[in-house]
Amino acid sequence: MEHLTTGNEMSLMDKLGILTDAAKYDVACTSSGVERKGNGTSVGNCVAAGICHSFSSDGRCISLLKILLTNECIYDCKYCQNRCSNDIPRATFTPDEVCTLTMEFYRRNYIEGLFLSSGIIQSPTFTMELIYRTIWLLRNKYRFNGYVHVKAIPGADSELIRQTGFLADRMSVNLELPTAEGLKALAPNKHRKTILTPMRQIQNGIEENKNELVLYRNAPRFVAGGQSTQMIIGATPENDYQILNVAENLYQKFGLKRVFYSAFVNVTGDKALPSLPGGPPLLREHRLYQADWLLRFYGFKGEELLDESRPYFNVLLDPKEDWAVRHLERFPVEINKADMQMLLRVPGIGVKSAQRIVAARRHANLTFADLKKIGVVLKRALYFVTCNGRMMYPVKLDEDYIVRNLTDEKERVRFGSDGMSYRQMSLFDDGSFVRPLSVTEQLQTAAGQI
């Protein structure tokens with residue numbers, strides 16, 4: 001391997017501060033965060049630096065150490081704070097340093113796993129080799145058996161990506177921007193084909209591995225947690241309809257577990273980037289996540305939610321409500337007779353509550369009081385359902401009337417119409433404390449120095 005300059009004159013704490021901060025714009029691991037110091041009565045504390053939260057398939061929250069291997073980069077993407085033309089502090093971990101940090105955080109019960117991404121140092125293959133060496137050491141020398149999510153570097157040697165796949169639980173390849181045209185304009189060193197190649201390789205590897213596991217139970221697992229990707233929203237002029245179509249195609253053609261959407265934040269001030277008078281497009285990001293959920297779990301298709309004549313999501317209503325008020329001919333739905341597919345299309349009814357409805361009505365006819373106990377959000381569902389042929393209140397099946405009643409001016413400023421905050425996912429929460437720890441104190445606490 002070529003000589004690697006790691007900035008050894010920097011302390012590990014300095015590197016940690018730089019490389020956790022550099023990783024915060026990558027949301028492809030469902031990052032959120034909290035910063036809470038010890039209260040003197042409980043054991044341990046919660047440190048913001050480098051800790052993010054991901055979620056398992058059964059809903060458990062998993063804390064991950066989220067860092068970059070390096071923020072050095074040979075590329076000059078106009079939207080990226082780590083681009084080569086930016087004058088920012090640079091740092092690079094050695095593989096052993098990443099392993100040491102992971103093990104020390106894990107022993108203190110701060111984390112359950114590692115999310116490792118990286119800038120491109122020297123070349124894609126050189127960077128991928130460093131990532132592979134890091135994960136190999138973590139698994140074999142340090143005997144770490146926890147969750148590991150790593151980035152596959154587009155343009156890297158395919159054998160390195162394959163070998164890394166047998167060590168990682170999940171891999172991701174960031175699409176960066178929704179279209180090839182946007183990529184060409186803002187990331188001239190990256191190409192759509194180069195990005196899709198490792199994505200296809202990982203997909204094929206997962207399918208081949210499934211067949212191997214049928215024949216050999218003890219065969220090594222390849223990317224058992226599947227793969228994901230991320231798109232930046234608002235840096236290029238694509239509309240919601242185009243973005244949703246890209247996501248739907250990725251799910252169908254590449255078998256992705258998750259597409260993440262990141263509202264564009266102008267961190268470089270480049271003239272080629274759009275101005276953001278209203279700040280990052282957080283509501284737009286929120287609506288895309290809601291629509292994404294409908295694609296993955298509710299049986300919707302992208303063309304049902306948007307089309308060329310309506311290329312953007314409704315600002316006032318979430319995508320499911322918007323679809324419902326535009327298809328009032330399909331409502332009201334009789335709760336005691338509707339099939340699962342139709343129940344999932346009723347605003348206020350989620351997957352779990354639909355399953356409970358189907359199970360409960362085998363034993364008795366359900367009433368609105370029963371629906372409330374089951375978990376249905378009646379303030380939204382009441383316009384679209386009947387129980388035993390009767391609506392909860394006398395309401396008109398009129399689009400304007402229902403929209404007026406679903407829209408709450410007081411809550412619209414902070415929340416979507418589903419009551420969920422659409423603030424952008426970030427590495428750190430902005431909770432208020434009497435005296436917040438300084439960055440240095442946070443890092444020292446994480447490493448056991450305080």
Side-chain angles (χ1 to χ4, degrees), residues 26 28-30 54-60 62 64 113-118 124-125 127-129 131-132 134-136 138-140 145-176 178 180 183 190-231 243-261 292-302 351:
D26 195 329
C29 69
T30 319
S54 186
F55 295 89
S56 63
S57 58
D58 61 359
R60 289 185 307 112
I62 301 171
L64 303 176
L114 170 68
F115 177 89
L116 182 63
S117 186
S118 183
T125 294
T127 306
M128 196 70 224
E129 188 173 355
I131 291 175
Y132 168 73
T134 301
I135 305 307
W136 189 93
L138 193 60
R139 294 297 197 201
N140 294 281
N145 200 39
Y147 177 85
V148 174
H149 179 166
V150 300
K151 286 300 177 70
I153 306 299
D157 181 79
S158 60
E159 181 59 21
L160 280 171
I161 292 175
R162 189 187 77 85
Q163 292 178 17
T164 305
F166 284 110
L167 298 172
D169 296 289
R170 175 170 283 192
M171 296 184 76
S172 53
V173 186
N174 280 0
L175 196 65
E176 304 287 357
L183 204 63
K190 298 180 179 179
H191 305 281
R192 190 64 168 266
K193 183 179 179 180
T194 308
I195 294 172
L196 295 180
T197 297
M199 200 178 284
R200 179 70 72 193
Q201 179 190 349
I202 295 169
Q203 179 195 21
N204 292 339
I206 292 171
E207 291 301 319
E208 291 170 6
N209 187 239
K210 286 180 182 178
N211 296 329
E212 289 178 4
L213 290 169
V214 171
L215 299 173
Y216 310 102
R217 289 184 180 180
N218 296 325
R221 302 291 298 273
F222 182 87
V223 194
Q227 64 170 323
S228 58
T229 193
Q230 173 183 322
M231 286 189 281
I243 294 168
L244 198 63
N245 275 341
V246 171
E248 190 172 34
N249 284 329
L250 289 172
Y251 285 127
Q252 293 174 353
K253 296 179 181 179
F254 291 87
L256 264 63
K257 284 287 187 180
R258 188 80 187 269
V259 175
F260 291 86
Y261 310 91
D292 187 275
W293 213 260
L294 296 181
L295 296 181
R296 291 190 295 137
F297 300 113
Y298 289 76
F300 280 84
K301 295 182 179 179
V351 175

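Remember, predicted model here, so these are calculated numbers, not experimental data.
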Which atoms form the tightest heavy-atom contact between [X] and [Y], and what is the distance?
X: Pro154; Y: Pro198; result: CA-CG, 4.0 Å
X: Gln203; Y: Lys253; result: NE2-O, 3.0 Å
X: Tyr298; Y: Val351; result: OH-N, 3.6 Å
X: Arg139; Y: Asp169; result: NH2-OD2, 3.0 Å
X: Met171; Y: Gly165; result: SD-CA, 3.6 Å
X: Met231; Y: Pro178; result: SD-CA, 3.8 Å

Give, for atom [atom1] of [X] and atom [atom2] of [Y], the distance between the pair rounded to the nearest 0.5 Å.
X: Arg221; Y: Ile206; atom1: CZ; atom2: CD1; result: 10.5 Å
X: Arg170; Y: Lys257; atom1: CZ; atom2: NZ; result: 7.0 Å
X: Leu138; Y: Asn145; atom1: CG; atom2: CG; result: 10.0 Å
X: Asn211; Y: Tyr216; atom1: CG; atom2: OH; result: 11.5 Å
X: Asp292; Y: Glu248; atom1: CG; atom2: CD; result: 10.0 Å

Treating [X] as the side-chain partner and [Y] as the backbone partner, does any N or O pair qualify as donor plus acceptor under 3.5 Å?
X: Asn209; Y: Gly205; answer: no
X: Gln227; Y: Ile202; answer: no
X: Thr125; Y: Asp157; answer: yes
X: Glu212; Y: Ala219; answer: no

>> Please enumerate all residues that pass side-chain hydrogen bond (donor to acceptor under 3.5 Å, both in side chains) together with Arg192, with sequence neighbours excluded.
In response: none

Less than 4.5 Å apart, side chain to side chain, heavy atoms only: is that true for [X] and [Y]?
X: Leu183; Y: Ile195; value: yes
X: Phe115; Y: Lys151; value: yes
X: Phe254; Y: Thr229; value: no
X: Asn204; Y: Glu207; value: no
X: Leu256; Y: Met199; value: yes
X: Met128; Y: Ile131; value: yes
X: Val259; Y: Leu175; value: no
X: Leu295; Y: Leu244; value: yes

> Would Ser172 and Gln230 satisfy side chain to side chain contact (heavy atoms under 4.5 Å, CB included), going step by step from the backbone distance to the final call?
Replying inline: CA-CA 8 Å; Ser172 53; Gln230 173 183 322; over 6 Å; no

> Between Ile243, Asn249, Leu250, which is the residue that forms a side-chain contact (heavy atoms from CB on, under 4.5 Å) with Val246?
Replying inline: Leu250

>> Let's go through Gln163 and Glu159 carefully: what are the C-alpha distance in whole Å and the side-chain angles of both, what is the deciding distance for side-chain hydrogen bond (donor to acceptor under 3.5 Å, both in side chains) to 0.1 Å, and is it a yes or a no?
In response: CA-CA 6 Å; Gln163 292 178 17; Glu159 181 59 21; 3.1 Å; yes

> So Phe297 and Trp293, would you call those rings parallel, tilted or perpendicular, with 30° and 60° as cut-offs?
Replying inline: tilted

